[in-house]
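Beneath this line is the structure, given in structure tokens, with notes to follow.
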Amino acid sequence: MKPMVKRLASLTLAVCLLGSTAVLPAGAAPWSQPAGGVLETLLDVPILGNLLRLFTGDEADTTGETADPAALTVATPESSTPESSTPESATPETATPESTISWPDSWMVGSAAPGGLYPAGDPDAARSLTVSTTLWSTVELETGTLDAACREETNFGDLVADAISYAAASSDAWQQDPLPLVSVLDGRRLVKSVPAGTVLEEGNLGDYLTDDSIALAVVTPQKLQYILAEAMQAMLDTDSEQYGDFLQVSGLRFTYQTTDGSIQLKNLWLAGPDGEIALDLQDNSTRIALALPTTLYQIYTSDSDNLLADAGLTLHGALLDLGKNCDADTLKIMLQRGGTSGRILPDGAEPFTAYLKTDGSITNASATVYVDGVSVQAKLDKTGTLVIDNLAPGGHTVTLVPGGTEYYVSSLLDVGTDNQALQPVVTLPEEFVTTPLTTPTPQTSPKPTATPKPTATPKPAATAAPAQSQQTTVTVTATATPSPTPVPTPVVTPAPVSTPTSHATAKPSSDSGVKDPTAGTIIGVTPAPTLEPTPTPEPTPTPTPDPEEEEQAQQMQETSSMLPLYVGIGLLVVCAVIVAVVVIRRRLEDGSGRHYRKH
């Protein structure tokens, strides 16, 4: 009897093992799984998985699906260095976005670089300059005069700084040691703006520029960035004794930022024969030639030798001798520079919108204006303010007509709530070209000889626009959608079936006189009887399933799919228990027998 019981128990165990393997979920059969696939499936089963881990010695995975992937990343030597947590990267410097503007190489026009031949102009050129556009130093506002050159780069400052560079490059002192050449000028020396058409000569140059002798010293990038940053500290404080030290530059471009009330340089570039060259702000070995007024030399570089001490060069002489020191083509570009070249800008500078208040004689219109001599499209809003979008950061010269009055706009003035809101009111000239921002009302469709019989119940069209005369236009402004004066709703004549677009309301176009091909025709008012539209039955809305019910259903489906696995495992456990009991009982019996036989 006992052998029969053993055979039945063994057979039952084999059947249970085979059944538990067969009932695994589709795709989970051991022969179709990678190594460890069945074991991993069993480890995921509650209670059983813990028992298996207890016997196998494996620890439970505590990360789970909700673990943060970043916490699992192994830090490489590069990512684990203290660089990412240095004070430099943690300061507000990184909070300022880098500028997306790509500055053209034209900012280097007027720079003097090693390898060039100086003087490069006409030795017989007259000592005078004819200004083709306004050279900006000051800006007249309703509240008074603003010294723009004391707080930002202007074309007047660029021109004088370039003149200093060409004068220094033409000297024997620099040609004996032609280092990269940078020139600076304090903005307070620019007394007032030079109107377009002015002829600058010895007799009147003092009215616009304070004279001084020119010095030349050798500095390092570290020293240069200190001079530039120090000169800008009071650029916005008109009550400071240092106000006006803001430097106009040549051969140099830099960006700056304000951190905790202190102005610091962010990036620094030199002009080179093959393009700009980035400098290390802490470089204390590279040699750079710095030309500047003697007054600034005594403040910032008196510890270096003045290489032009005996040259007798002056600011007035450098400007008047530009025709001798600079080639004619370059000088023409320098004199036509209506705006700044982007040599000095705050870090992260972006395009801006300029505003000019007008007399309000024209509103809601597009207009053609000239920015730095180039025609661009602008608009007059509902208040008559002239709005010019997408201007490069810095200062620009704006004229409404060629050769007309010039106005200064800048992204850096911040003189009012709307940037240029405090500028004097601009009188629009008669020849100012504008186009109304309107779309004429389309002509009324001819009345059909007979009212076509609709083939189906017409669907009600959108609310028709108020009736207007042919001379009335729909005005569209840049700030709000127009609200036409309400009048009685017109009766709409149904359109023929072959013209389904006749119910659409015409769309106003931003270009005057241009029809929108996608717009329909506004049907005119007619004495025809009104058709009573039959309401179209609304389709029965599909009920929105409850997210909680969907989640419960999904969980039930997952539990059902795992049920065969649980059943198989349960049978396996039961069989294992039976086998264990049989084996233990057999050993006990065998032990008892052996003991009995021994005695």
Side-chain angles (χ1 to χ4, degrees), residues 106-112 116-139 147-149 153-171 181 183-214 247-251 271 291-293 308 311-341 343 372-373 395-397 399 402-406 408:
S106 60
W107 74 264
M108 294 185 291
V109 174
S111 303
L117 298 178
Y118 305 98
D122 181 6
D124 298 326
R127 301 188 78 240
S128 64
L129 290 176
T130 300
V131 178
S132 55
T133 187
T134 298
L135 300 178
W136 297 103
S137 171
T138 59
V139 180
D147 295 321
E153 175 192 11
T154 69
N155 57 347
F156 193 7
D158 286 348
L159 179 64
V160 179
D162 291 341
I164 295 174
S165 290
Y166 276 97
S170 301
S171 67
L181 181 59
S183 299
V184 298
L185 170 80
D186 45 333
R188 70 173 48 136
R189 291 191 177 276
L190 307 178
V191 180
K192 62 181 180 181
S193 299
V194 184
T198 302
V199 178
L200 291 175
E201 50 193 3
E202 292 184 0
N204 65 353
L205 186 54
D207 297 336
Y208 305 102
L209 175 66
T210 301
D211 200 10
D212 195 0
S213 58
I214 299 176
L247 298 178
Q248 311 287 317
V249 301
S250 175
L292 67 173
L308 295 179
L313 298 179
T314 64
L315 300 180
H316 283 187
L319 197 58
L320 295 176
D321 287 339
L322 262 177
K324 298 179 180 180
N325 298 329
C326 177
D327 64 277
D329 292 338
T330 303
L331 179 57
K332 182 179 180 180
I333 296 175
M334 291 159 59
L335 291 175
Q336 290 178 342
R337 188 181 288 145
T340 61
S341 303
R343 299 176 180 178
D372 303 331
H396 300 276
T397 297
T399 58
T405 304
E406 296 181 320
Y408 185 79

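Keep in mind it's a predicted model, so treat the numbers as computed, not measured.
Looking at R343, its side chain never comes within 3.5 Å of a backbone N or O of E153 through a donor-acceptor pair. The backbone N or O of W107 lies less than 3.5 Å from no partner atom in the side chain of S341, so there is not a single donor-acceptor pair.
For the 3.5 Å distance criterion, the side chains of S250 and S183 fail to qualify, holding no donor opposite an acceptor.
Just one of D211, T210, D212 meets the side chain to side chain donor-acceptor pair (under 3.5 Å) condition when paired with R189; it is D212. Paired with D372 under the rule side chain to side chain donor-acceptor pair (under 3.5 Å), one option of H396, R337, Q336 passes, and it is H396. Screening L319, L209, T154 against L159 for a side chain to side chain contact (heavy atoms under 4.5 Å, CB included) leaves a single residue, L319.
Y118 and Y166 have perpendicular rings, their planes meeting at more than 60° on a 0 to 90° scale where under 30° would count as parallel.
Residues N155 and G338 come closest through the heavy atom pair ND2-O, 3.5 Å.
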Pair up each side-chain donor or acceptor in residues 194-202 with any protein partner under 3.5 Å, not counting sequence neighbours, and list the distances.
| from | atom 1 | to | atom 2 | distance (Å) |
| --- | --- | --- | --- | --- |
| T198 | OG1 | P195 | O | 2.7 |
| E202 | OE2 | R127 | NH1 | 2.3 |

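Side-chain contact check for V109 versus T330: some heavy-atom pair is nearer than 4.5 Å. L315 places a side-chain heavy atom less than 4.5 Å from the side chain of L185.
Annotation: the span from L190 atom CG to L135 atom CG amounts to 9.5 Å, rounded to 0.5 Å. Here OG1 of T314 is found 10.0 Å from CD1 of I164. Values are rounded to the nearest 0.5 Å.
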